[in-house]
Amino acid sequence: MAVQRIPVPPSALGESPFWHPQEHRLYWCDIQDRHIHSWEPATGLHRSWATPSEPGCCAPTDRGRIVVGLRDGFGLLDTATGHTEMIARLDHDPQQLRLNDGRCDRAGRLWAGSLFSPKTAPDAALWCLRADGAGGYAVQRMAGDCTTANGLAFSPDDDWMYWADTPAHRIDRFAFDLDSGTLGTRSLWKAFAPKAEGRLYGGRPDGASVDVRGNYWVAMYEGGCVLQLSPEGDVLQRLDTPVRCPTMVCFGGEDLRTLYITSAGHGRPDPERSAQVPAGALMECRVDVPGLPVNSFREA
């Protein structure tokens with residue numbers, strides 16, 4: 001299961017990949033470059049669209065658009081015109097906070113966590129965006145006590161929502177009710193060792209996806225790898241990446257057995273790794289267990 005580079009330009013900060021099952025394309029964000037990208041494996045076609053501010057996450061909608069979590073709220077990108085329509089603003093300070101990692105649940109809500117730029121306090125939050133039933137949208141703060149929100153994913157039975165705080169080196173788990181869209185008890189699910197003098201550093205948890213068996217695949221930022229964790233949190237396997245800072249993974253291809261991996265490029269060169277795979281590269285590898293298909297956002 002060797003990890004290989006996809007022939008597209010590297011991202012400054014690649015994030016939030018998803019496989020579009022109708023379009024047979026991979027989409028992802030370049031947060032720092034303020035663009036959404038797509039790549040079509042069958043033809044090699046690469047496209048991109050500028051966004052009004054940093055796109056922390058993106059997902060397909062049920063009407064052919066792309067919902068995007070931006071610095072100060074949520075928008076809908078029309079890939080035919082390139083226009084992004086803002087649909088909800090957040091009640092937070094956009095000078096210090098922006099939306100980061102997120103994904104949709106099977107009921108069509110978008111869940112997105114934020115990032116507190118100073119990284120001096122757990123002031124980031126988890127937000128939920130949904131159609132309000134009256135032609136508009138509602139956004140609600142669902143959780144807090146986080147510095148850099150990442151790793152959001154759902155178990156196959158929808159009983160659990162995973163949520164990581166990257167600087168804290170931990171992944172939490174909430175009891176989740178799909179019908180009501182509510183969260184129950186939050187508990188520590190997996191902790192990783194922080195940096196320490198004289199100890200090999202394994203990285204910290206960034207973006208993640210879940211496969212059909214409930215295994216959690218997480219990109220380990222600065223760890224140069226992706227870990228496959230069992231539902232109990234045990235390490236099942238480690239996939240080494242040719243870049244030091246992988247950022248997120250998703251499952252794609254027609255059988256959902258291609259693992260796509262984004263990475264961080266800006267300021268992250270690593271002379272000890274492959275010169276043929278630059279920091280910020282988009283990568284792929286084949287895996288044995290298929291992933292869950294992407295969920296779409298339900299527009300109003």
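All residue numbers in this chain count up from 1 along the given sequence.
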Between D206 and T247, a side-chain donor and acceptor under 3.5 Å: no
Centroid-centroid under 6.0 Å between H169 and Y221 rings: no
Interatomic distance, R103 atom CZ to L110 atom CG [nearest 0.5 angstrom]: 10.5 Å
Pair Y162 + Y216: ring centers closer than 6.0 Å: yes
Pairwise distance CG(L282) to CG(L26) - rounded to 0.5 angstrom: 5.5 Å
Salt bridge flag under 4.0 Å for residues K195 and E222: yes
Whether W28 and H46 hold their rings parallel, tilted or perpendicular, with breakpoints at 30° and 60°: parallel
Side-chain H-bond candidate by donor/acceptor type, Q237 with Q228, under 3.5 Å: yes
M283 side chain reached by P242 side chain, heavy atoms, under 4.5 Å: yes
Polar side chain donor-acceptor pair, N150 to N100, under 3.5 angstrom: yes
Any pair counted as ring-ring contact (aromatic ring centres under 6.0 Å, His included), so long as it reaches residues 224-254, sequence neighbours left out: W217-F251
side-chain hydrogen bond (donor to acceptor under 3.5 Å, both in side chains): pairs with one or both residues in residues 58-70, sequence neighbours excluded: T61-E299, R65-E85, R65-E299
Pair R173-S155, side-chain donor/acceptor within less than 3.5 Å: no
Note: R98-E54 ion pair, threshold 4.0 Å (strictly below): no
Those residues that, when tested against T84, pass side chain to side chain contact (heavy atoms under 4.5 Å, CB included) (two or more places apart): P52, L70, L77
Proximity of F74 and Y137 rings by center, below 6.0 Å: no
Atom pair CZ/OH of F18 and Y27 - distance to nearest 0.5 Å: 6.0 Å
W39 and Y260 aromatic ring geometry - parallel, tilted or perpendicular at 30°/60° bounds: perpendicular
Distance-only side-chain donor-acceptor flag, R286 / T258, under 3.5 Å: yes
Charged N-O contact under 4.0 Å between D211 and R213: no
Note: D165-R170 ion pair, threshold 4.0 Å (strictly below): no
